[in-house]
Amino acid sequence: MLIVAIAWIYVVGLMALTEPTVVAGIVTFLFYCMLPLSTLIYIAGSGKRKARRRAAELAAHQARQTERED
């Protein structure tokens, strides 16, 4: 996933460099690179965030159980 993101940044960076003005290059980079990649990385990371949340809830539940036993 990371190699695809790096390649996409490279391609869009070259596209932005060929734009006639600096503003057009910045807009191209933001709307063709940063916005889609941030959305893709957010969606791709949702499983990891969910797993981390479940692990934290499980650890908290186990901590409560050990407190009750003492």
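As the structure is a prediction and not an experimental result, all values here were calculated from the model.
At a threshold of 4.5 Å between non-hydrogen side-chain atoms, the residues Leu17 and Leu14 count as touching.
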Return all side-chain donor-acceptor pairs below 3.5 angstrom for residues 22-32, not counting sequence neighbours, or 'none' if the list is empty.
from  : atom 1 : to    : atom 2 : distance (Å)
Thr28 : OG1    : Glu19 : OE2    : 3.1
Thr28 : OG1    : Ala24 : O      : 2.8

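With values rounded to the nearest 0.5 angstrom, Arg49 atom CZ is found 4.5 Å from Tyr42 atom OH. For the atom pair OG1 of Thr39 and CE of Met34, the computed distance is 10.5 Å after rounding to the nearest 0.5 Å. To the nearest 0.5 Å, atoms CZ (Arg68) and CD (Gln65) are separated by 5.0 Å.
Partners of Arg64 under the side chain to side chain contact (heavy atoms under 4.5 Å, CB included) rule, at least two apart in sequence or in another chain, are Ala60, His61.
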